[in-house]
Amino acid sequence: MAKGERVLLVEDEPAFVATLRFQLQREGYEVRVAPDGPSALAAFARVRPDLVLLDLILPGMGGMEVCRQIRQQSSVPIIMLTARTAVGDKVAGLEVGADDYITKPIQLPELLARIKAALRRAHLATDPTSTVLSVGNLRIDLGRHAVLVGDREVQLRAKEFSLLTFLARNAGQVVTREQIMRRVWGSEDVEDSRTVDVHIRWLREKIEEEPSKPRLLQTVRNVGYRLAG
Ligand code: CA
């Protein structure tokens, strides 16, 4: 359940607005509506929303222009809503700074998932207390002890988190089991190094699409491991 995060819905079709507003409010969002481009910009300045849902086809000023103008002043997540499926529109939308696109007719579960993902990314990017390590599609938030694989948050045990962080700080380089034992477990005892292999296996089960064919967390035979850079 969202905790009063403010969504600015920029959309000119009353029936669609009514439905979407009801559904978003039921999910816990605070919803403000603007029916055209100029009022969207005014509402944006007034409300300072946490996220903008922006229709592409609007009276007065198109969604692309609204997006461009918001982007000049803010990094707020913007999800464009459009009836069009043309690739050119998507590319243009992303070029003017939209974070994501969703095509009408909108499936509510999909829209809610995209909204949550966009808000999570925004929180990770803007929280001044967090230090985020990014490797490929992995984001490790050191402040919150949170790990995202793409848009999916994974739960790691403390040692798994330390291990992943150590590998991420050395992304692209091979680290030996001995280095891992020393740095993550504080141990020189190399006989313990099977502990490392076990934790690597657990990590792969959480961060790899196919844990048996790891692409991120690679084994370097007879040496150790490497997190792909
Ligand atoms: Ca429209």
Side-chain angles (χ1 to χ4, degrees), residues 1-128 132 134 137 139 141 146 148-153:
M1 187 87 169
K3 296 178 200 75
E5 283 167 303
R6 288 159 308 196
V7 173
L8 176 59
L9 173 58
V10 186
E11 169 62 68
D12 59 322
E13 293 161 51
F16 182 65
V17 166
T19 308
L20 202 51
R21 170 160 41 193
F22 172 74
Q23 289 170 327
L24 289 172
Q25 283 173 341
R26 201 173 51 182
E27 293 294 318
Y29 295 102
E30 243 183 65
V31 182
R32 305 297 163 88
V33 177
D36 58 58
S39 67
L41 293 174
F44 182 81
R46 199 173 58 244
V47 175
R48 288 285 151 187
D50 298 295
L51 181 136
V52 179
L53 289 177
L54 179 57
D55 189 27
L56 185 62
I57 312 293
L58 293 166
M61 180 194 297
M64 295 279 187
E65 179 59 19
V66 174
C67 183
R68 205 179 58 75
Q69 293 200 24
I70 289 177
R71 205 34 101 227
Q72 284 173 353
Q73 43 179 312
S74 168
S75 59
V76 67
I78 301 174
I79 300 176
M80 287 206 140
L81 312 174
T82 174
R84 298 184 190 174
T85 54
V87 173
D89 282 337
K90 297 188 182 184
V91 172
L94 296 174
E95 276 175 358
V96 294
D99 296 87
D100 204 355
Y101 241 93
I102 191 160
T103 305
K104 295 177 183 176
I106 282 164
Q107 307 298 317
L108 186 68
E110 187 190 359
L111 178 63
L112 292 174
R114 302 275 190 99
I115 288 174
K116 283 186 189 138
L119 286 170
R120 260 202 315 264
R121 282 195 299 266
H123 292 159
L124 276 189
T126 58
D127 180 353
V132 178
S134 289
N137 69 340
R139 262 178 301 230
D141 185 331
L148 290 183
V149 180
D151 292 329
R152 179 172 59 92
E153 184 158 359

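One-based numbering, in listed order, for ligands and for the atoms of each.
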Sub-3.5 Å donor-acceptor pair from the side chain of D36 to the main-chain atoms of S39, do we have one?
yes
Do Q69 and E65 have side-chain N/O donor and acceptor atoms under 3.5 Å apart?
yes
Counting neighbours of CD on E13 that are heavy atoms of other residues, nucleotides or ligands and sit closer than 6.0 Å, is the number greater than 12?
yes
CD1 (I102) and CE (M80) are apart, to the nearest 0.5 Å, by 13.5 Å
Measuring from I79:CD1 to T82:OG1, what's the distance to the nearest 0.5 Å?
14.0 Å
Which residues and atoms, counting only protein N, O or S, are under 3.0 Å from the Ca ion (ligand 1)?
D12 OD1, D55 OD2, I57 O
Just verifying a value: how many Å separate E11 CD and K104 NZ, rounded to the nearest 0.5 Å?
3.5 Å
